[in-house]
Amino acid sequence: MSNYKPTFLKPADSSSYLDRNEPNLIESTNFVYNRYVSQTVQAQRQKLPIFNYRNHILYLLEKYQTLVLVGETGCGKSTQIPQYLIEAEWPAQIGICEPRRVAVLSLANRVATETDSTVQGDMVGYAVRFDACPNQPKIKYMTEGILIREMMTDPLLKNYSVIMLDEVHERTLYTDILMGLMRKILKKRKELHLVVTSATMDAEEISSFFNLNETNDKKLDTSVILSVTGRQHPVDIYYVKDPVPCYLQATVETVLMINSSKDKGDILAFLTGQEEVDKVVRLLTEHANLIEQERKQHKMIIFPMYGALTNHDQLKVFKPPPDGYRKVIVATNIAETSVTIPGITFVIDCGFSKSKWFNNETHTDSLIITPISQASANQRAGRAGRLRPGKAYRLYTEKDALNLATTMPPEIIRTNLNYAVLQLKALGIGNLMKFSFPNPPPAKNLKSALEILYALNSIDINGDLTDPLGFNMAEFPLDPMYSKLLLNSGDFGCSEEMLTIVSMLQVETVFAKPTTGNGIIKSRIQKRHFEVEEGDLMTYLNVYGGFANNNMDRGFCQKYFLNYKAMKRVAEIRSRLEKMIRNYNIPLVSANGKIEPVLKCLVSGLFPNTAYLHFSGTYKTIRGDVELHIHPDSVLYTLPQPQWVLFAEVLFSTKLYMRDLAVINSDWLLEIAPHFFHKTIDREFD
Ligand code: ADP
Ligand code: MG
């Protein structure tokens, strides 16, 4: 990396995140962040902006079936509303749905502290994919997927008196699906109430979606909006003078610049993915170690934050740093909303995020790095002003900021719908065209999902779930292609291997990527110990096998340049999946080094993701004829190109890259999935 340092422009008053003359938004505060001043938790609760609205919220929820609540992140929506309801003696259970696992865990822990209990008690609990507390708590935080699965056994959610859909501005696929489902349930169960919260202003649209009043008489409306004006301190926005050549390096430089200033407060930097976060964490840790060795001032402690961390590692960022240290959190957009990390005064925003876009021709999602929306940029900047005035450093120019789109389109219109459609089918939604979505997904994407589900044998020709396969796949907390692999794995005699491969695919990457020249070469050499010519998925078996045989040791990971935290998460997921497949009576068997059964089993679930080597030298999907390339990180990248491959994921950067590949034999496609291929393959080789 060159010695590039970003230059920031002084903030223009007009570009400040909040209008500093707006009196009710600002408080010249006595609520200064100081981790040594102990305030009682109750006093803290009463200082939250939402406290002024407590009675109003309770009143509106008595009067209306749905309350749409808009308020800045951090004003107290997620932690306080459930407690107000319990204090007002609403009957249990109160269920709160969050788009992200980390929000569920941190909120449950926070509310446990505030109610002087634990997440094992009967006041507060949580449930996330693969992990739930055993009790039936009064206040239950959960991910969206959990509530959808609960609906399969309890279609009217009879255990709940209030459901809160939190963070709906994120508009994840499941937020939208849940909104559609909740609307149906609210029609049938008038005594069930719904709180929908959002940090931004799409309230009107949401409120009218939930308004079940079909007359013009406003008095009969069933849905109402309340805006909570928050305590948000001003955040000065700094833009770079010129576009930065590399936002990773600019992030590192900006952290160092802030750290060497006298200003107190912790730093939160936003990047797009795990690899970027790891790289920046590594560079910053080197600097932090140097500072420590040379006994200089301005000590730093660095934390990564992304989806592939274990629950335990994700929660580390919430702890105050040791005395004399500044905390630096390098995160993906997981930290953009949903969680309040105490102490943040500085935000560094790279201006990009990674999102999924579905291509209904290839039937695959691509991960694409795109500029964020203005709503996200404001949300990111806002993280700096929770506790006192803050600063946000944007690694893009003011001119570029003006060109950002206002909001991102909801995920439901740009993502793969296979799993969602399967679950809706399991919930008895026969005709998806008639289902009321807040924003209907494109008909082509729905059709593609039905086609894939049919090819996977999870629905029949009439679109009904098959018994038991379709029902089992709907219950499994995995993409249907992966659940099919696991459910088939007993028959192929390789359930141990499938557990490993599927678990490895649940994290972005397990390979640590050094940044120094020497490190890069060493890591490549070490990776060769695991590599096999059958591709990445089979290579993963060696990686995980090595890790498991070495007692899941940190030293093993260091030696072989594996990301220890990601490997631990893989092990966590693997043991949960193992428990699940036992429940389906799938025998735990290993192919004992035989390769063909494992590859054939992979074909049985991933056959829609296959490509062949075209005579032009590039790969093409078998259906759709879309051009694909082998990703440079793949073990197959440097080997002679195999004729047929299967892949787990497509990544788009300059072109469409296949990631996580396996080499297959085309005969298996016809043997295992003739219904999907015969015509296409015949045509191709006539
Ligand atoms: P919202 O849902 O409106 O974004 P929350 O209810 O999550 O807000 O948080 C309200 C306040 O509770 C925060 O501003 C912060 O002061 C405090 N808080 C929340 N979570 C934590 C936590 N894990 N650790 C410390 N304080 C927290
Ligand atoms: Mg919240």
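Just so you know, ligand 1 is whichever comes first in the structure, and atom 1 is the first atom listed for that ligand. Since the structure is predicted, the reported quantities are computational estimates derived from the model, not experimental observations.
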- Any N/O/S atom, backbone or side chain, of S78 lying under 2.8 Å from the Mg ion (ligand 2)?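 It does; at least one qualifying atom falls short of 2.8 Å.
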I want to know if ligand 1 touches [X] in the polar sense, i.e. an N/O pair below 3.5 angstrom.
| X | value |
| --- | --- |
| T79 | yes |
| C75 | yes |
| T73 | no |

Donor on one side chain, acceptor on other, [X] and [Y], under 3.5 Å:
| X | Y | value |
| --- | --- | --- |
| Y239 | R394 | yes |
| T272 | S353 | no |
| Q42 | E114 | no |

- Message: For F437, give me all partners under ring-ring contact (aromatic ring centres under 6.0 Å, His included), at least two apart in sequence or on another chain.
- Response: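 Here the qualifying residues are F435.
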- Task: Check F210, W90, Y160 against H193 for a ring pair (Phe, Tyr, Trp, His ring centres under 6.0 Å) and give me the one that passes.
- Result: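 Exactly one option meets the ring pair (Phe, Tyr, Trp, His ring centres under 6.0 Å) with H193, and it is W90.
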- Apply the side-chain hydrogen bond (donor to acceptor under 3.5 Å, both in side chains) test between T172 and each candidate in E167, E144, E98; give the one that qualifies.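 With T172 as partner, E167, E144, E98 yield a single side-chain hydrogen bond (donor to acceptor under 3.5 Å, both in side chains), made by E144.
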- Query: Below 4.0 angstrom, N of the basic side chain to O of the carboxylate: do D313 and R569 qualify?
  - Reply: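 Salt bridge flag = no for R569 with D313.
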Find all atoms of ligand 1 within a distance of less than 4.0 Å from any non-hydrogen atom belonging to [X], and give their numbers and elements.
| X | result |
| --- | --- |
| E72 | 3 (O) |
| F318 | 23 (N) |
| L107 | 7 (O) |
| P342 | 24 (N), 25 (C) |

Please classify the [X] to ligand 1 contact at 4.0 Å (heavy-atom distances, strictly less than): side chain, backbone, both or neither.
| X | answer |
| --- | --- |
| K77 | both |
| T197 | neither |
| I341 | neither |

- Relative to atom 26 (N) of ligand 1, which among R110, Q80, E167 owns the nearest non-hydrogen atom?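 Of the listed residues, R110 has the closest heavy atom.
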- Best match, G74, A103, G71: closest heavy atom to atom 1 (P) of ligand 1: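 It is G74 that holds the nearest heavy atom.
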- Verify, without hydrogens or angle tests, whether R183 (side chain) and F209 (backbone) share a donor-acceptor contact under 3.5 angstrom.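 Yes; judged by distance alone, with no hydrogens or angles, the pair exists.
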- Task: Tell me, please, which residues at least two apart from K158 pass side chain to side chain contact (heavy atoms under 4.5 Å, CB included).
- Result: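 Checked K158 against side chain to side chain contact (heavy atoms under 4.5 Å, CB included); matches are D154, L156.
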